[in-house]
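For reference, the structure discussed in these notes is given below.
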Amino acid sequence: MKTFKNHYETLIYKRTLKVSLILILCFCLLIIGMSWYSAHLSVNKKINSLKNNLTYWVQVGDSFQINRTLKNLEYIFPENSFLLRTDDQLLYDSKKDLKNYTFVINKTVNLESNDSHLGTLLINETIPLRNILSLCLLAGIIILLLRLFILREITYVSLKITSPVDELLVKLRRLNNIKDLKNLDITSKITEFRNIENSLLTLAKRISHNEETITKYEKEKVRINLSKQTAHDIRSPLLALKTINQNTTIPDKTDKIIINKAIDRIEEIANSLLSEEKTKKIFNIKLQLEEIIEVINHSSSHIIEYTNSNNYRDFFVFGEESNTYRAFFNLINNALESSLKKEKVKISIHQKNKFIKINIIDKGKGMTPSEITKALNGGFSTKKDGNGLGLSYSKHVFENFNGSLNINSKKNQGSTISLTIPTVNVDSWYQEPSWLNGTICLIDDDESFIEASKKKFKKPISYKPNAIDDMPEVKDCFYLIDYDLKNQFNGIHYIQHNNINEKSILLTSKYNETKIIKDCINKKIRILPKQIFQKLNA
C-alpha cells in the first residue's frame, strides 16, 4: 500500500522538476534577450565615440587614417565585420566567417557633414553561439543544483511531517472500535500532531458519549413502554382490590390502615408509570422509609431492626417520591430474600452535615465485585427468577437526588447498601410538634381521625366548623387545622380569614404539594404533615 510519505515525495519530485524546466527555459530566453540588448548597447556606445573622427577623415579623404580608425573598431569588436563605402567607391571591407554566431544583425551608420552625405558604414553585429550556450548551461546547472538542495530540504521536512501521518493512518486502520482511539500513542514532537491526537481523542469521547446517549435513550424508551403496559395491567386488579376493601369489614383497624396505604401506593405507582413527566417534590424520606418497614413487617416473617433519630425535620429531600418508594422496596426486598429467615435485616437512618445516610445490612448470600458491577449496570441478577433491574433502577433514582448508592459485599457473608442523599431546608414552613404540652384545639371534620387523636393525646378539644368564620370559643389554645375541610373552604382560607396565623398549624397529608407550600410561606402559616402527627406518642 502506497504510504502518505511516498505519495507526498512523488508529488514534490514531479512539481520541482516541472518548475525547474520552466525556470531553465525562462532563463535561456532571458539570456538571449539580454545578450542581444547588451550587444546593441555596447556597439552604439563605441561607434558614437568614433563617428566624428571617422566622418572627418572620410571628408578629408585620408585613407590611412580611415583604415586606422576602422582597424581600431575591428580590434574593439573582433566578432563584428565592417564595410565603409562612399557613393562611388569602397573604402574599407573586413569579411569574417559568421557560421558560429547565433545572431547577425546588420547595422548602418550614415556619415554626414553640413547636410551632405559622405558615406555609409555597414556593421554586421554578431552574438556568438558559444557564449549563449555557456550562459544557458550555467543557468541550467545552477537551477538543477538548487532543485536538488530544495528536494533535500523538503524530503527532510516531509519525513518529519509524513512519518507521523503514516504512523497515525496505520494505527487508525487497525482500530476496530471508536473507543480504541484512547490507545493511540503518537510520539511526534510536532505540536500540531499532538493537537491532532487530542482532537481525535475528543472526537472519540463525543462519539462514544453520543452512542451511550442513544443506547440509554433506546433502553429508556423500551422501559417507558414496558412501564406503561405494566401500569395498564395493574389498574384492573387494583380496581377490584379497592372494591373488595370497601365492601369488607376488617376488625383490626391497623390492618385496614395498612391495606389502604398499600392500595394508595399501588395506585400512585401505576399513575407514576403512566406519567410522561416525572415531577420532583419535597417529601420526608424517613417517613416514607418507616411506612415501607411497617408494611413489610406486617406481611413478612423476617425481622427488620430499625435504628433512627427522633426528629423528622432533618429528613426532607427533593426528588421523585413514587420512584424513591419503589427503589426502597426493591432494596429492602432484595436484602430480605437474600437473608435466612432467622437473620435480621438492619436498617439505619441518620442525618449528618446536610446529608442523609441510610444503611441496609443483611447477612445473606452476598456478591463478588464483578457481580456488583454487573448488577448496577442492569440486566444481571443472582436470583433465578430475577430480571436484574432492581439495583440499577435504584442507583439511577438516588443519583437523581445528586446522591449516591454504594454496595459493600462479600460472598456468603452479606451485603451493606449505603445511600447518601442531600437534604433540603424546610424552616420556612415546617413546624416541629413542640407545642404538644399546651391546650390543643383540633379543627377537623373527619370523625375517625378525631377519635384516633383523642386516644393518642390527653383530651384534645375537637371542633367541626360549619362556616369559614365559625370559631370555637376556647382561650389560650393552639389550633391544629386540617387542610381538607369538607366545606367550600380549606384550612389555609380558614386560618387567614380568622387571623390566627401565629397560633395555628396546618395539618395535611398533602404537605409536599408545591402550591400548598407556597401559599403557607406567603401567608406565614406553618405545616405539620398529618403522617408525622399520626406517629406522635403512638
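Only a predicted model underlies this, so the values are computations on that prediction, with no experimental measurement involved. The residues of the chain are indexed from 1 along the displayed sequence.
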Tell me whether Asn498 contacts the main-chain N or O of Ile468 through its side chain, where contact means a donor paired with an acceptor under 3.5 Å. yes
Checking Lys374 against Met367 for the side chain to side chain contact (heavy atoms under 4.5 Å, CB included) test, could you report, in this order, the C-alpha distance in whole Å, the side-chain angles of both residues, the deciding distance, and whether it holds? CA-CA 10 Å; Lys374 291 177 183 178; Met367 291 187 291; over 6 Å; no
Looking at Ala375 and Leu391, what are the two nearest heavy atoms and their distance? CB-CD1, 3.6 Å
Tyr312 versus Glu290, side-chain donor and acceptor atoms under 3.5 Å: yes
Under the side chain to side chain contact (heavy atoms under 4.5 Å, CB included) criterion, do Cys520 and Arg526 qualify, and how do the steps go? CA-CA 7 Å; Cys520 288; Arg526 293 283 177 163; over 6 Å; no
For a quick test of reading the model, state the closest non-hydrogen atom pair linking Phe316 to Pro529 and the distance between them. CZ-CG, 4.4 Å
Okay, side chain of Asn400, backbone of Gly319: is any donor-acceptor separation there less than 3.5 Å? no
Using a strict 4.0 Å threshold on nitrogen-to-oxygen distance, state whether Lys464 and Asp470 make a salt bridge. no
Sidechain-backbone polar pair: Ser462 side chain, Leu442 backbone, donor-acceptor under 3.5 Å: no
Should Ile521 and Lys518 be marked as a side chain to side chain contact (heavy atoms under 4.5 Å, CB included) after you check the CA-CA gap, both sets of side-chain angles, and the distance that decides it? CA-CA 5 Å; Ile521 292 173; Lys518 285 183 178 179; 5.8 Å; no
Would you confirm whether Tyr511, through its side chain, and Asn284, through its main-chain N or O, come within 3.5 Å as a donor-acceptor pair? yes
Assess the pair Phe398 and Phe328: is the distance between their ring centroids shorter than 6.0 Å? yes
In terms of heavy-atom contacts, Leu485 and Asp444 come closest through CD2-CA, 4.3 Å
Is Lys286 paired with Asp314 through a side-chain N to carboxylate O contact shorter than 4.0 Å? no
Is there side-chain contact between Tyr325 and Glu291, with at least one heavy-atom pair below 4.5 Å? yes
Should the ring pair Tyr494 and Phe489 be called parallel, tilted or perpendicular, given that the plane angle runs from 0 to 90° and is split at 30 and 60? parallel
Treating Glu321 as the side-chain partner and Lys281 as the backbone partner, does any N or O pair qualify as donor plus acceptor under 3.5 Å? no
Value for CD (Gln431) from CD1 (Ile527), rounded to nearest 0.5 Å, stands at 11.0 Å
So, taking the atom named CG in Leu331 and the one named CD1 in Ile360, what distance separates them when rounded to the nearest 0.5 Å? 5.0 Å
Show the nearest heavy-atom pair for residues Val426 and Arg313, with the distance to one decimal. CG2-O, 4.0 Å
Please examine the side chains of Leu419 and Phe401, heavy atoms only from C-beta on, and report whether any two atoms are closer than 4.5 Å. no
Find out whether Ile417 and Asn334 are in side-chain contact, i.e. whether some heavy atom of one side chain is under 4.5 Å from a heavy atom of the other. no
I need the Ser418 OG to Ile361 CD1 distance, nearest 0.5 Å. 7.5 Å
Would you compute the distance between atom CG of Leu506 and atom NZ of Lys530 and round it to the nearest 0.5 angstrom? 9.5 Å
Non-hydrogen atoms of Ser404 and Asn406 that approach each other most closely: OG-ND2, 3.9 Å
When you measure from the side chain of Ser338 to the backbone of Lys365, do you find a donor-acceptor pair of N or O atoms at a distance under 3.5 Å? yes
Within the 4.5 Å heavy-atom criterion, are Asp519 and Lys515 side-chain neighbours or not? yes
Evaluate side chain to side chain contact (heavy atoms under 4.5 Å, CB included) for Lys344 paired with Ile304, printing each intermediate quantity in order. CA-CA 6 Å; Lys344 293 181 180 179; Ile304 295 178; over 6 Å; no
Does Ile516 reach the side chain of Asn490, with side-chain heavy atoms less than 4.5 Å apart? no
To the nearest 0.5 Å, tell me how far Leu405 CG sits from Ser392 OG. 10.5 Å
Side-chain heavy atoms of Asn323 within contact of Tyr393, under 4.5 Å: yes
In this structure, CD1 of Ile525 is separated from CD1 of Ile500 (nearest 0.5 Å) by 9.0 Å
Heavy atoms of other groups near Asn522 CG, more than 12 under 6.0 Å: yes
Looking at Lys510 and Asp484, would you say the former's side chain and the latter's main chain have a donor-acceptor pair under 3.5 Å? no
So do the side chains of Pro465 and Ile443 get within less than 4.5 Å of each other, counting heavy atoms only? yes
Do the side-chain N and O atoms of Ser415 and Ser409 include a donor-acceptor pair separated by under 3.5 angstrom? yes
Can you establish whether the number of heavy atoms outside Lys410 located under 6.0 Å from its atom NZ is more than 12? no
Sub-4.5 Å side-chain heavy-atom contact between Phe315 and Leu289: no
Could you report the tightest heavy-atom contact between Glu320 and Phe283, atom names first, then the distance? C-CE2, 4.2 Å
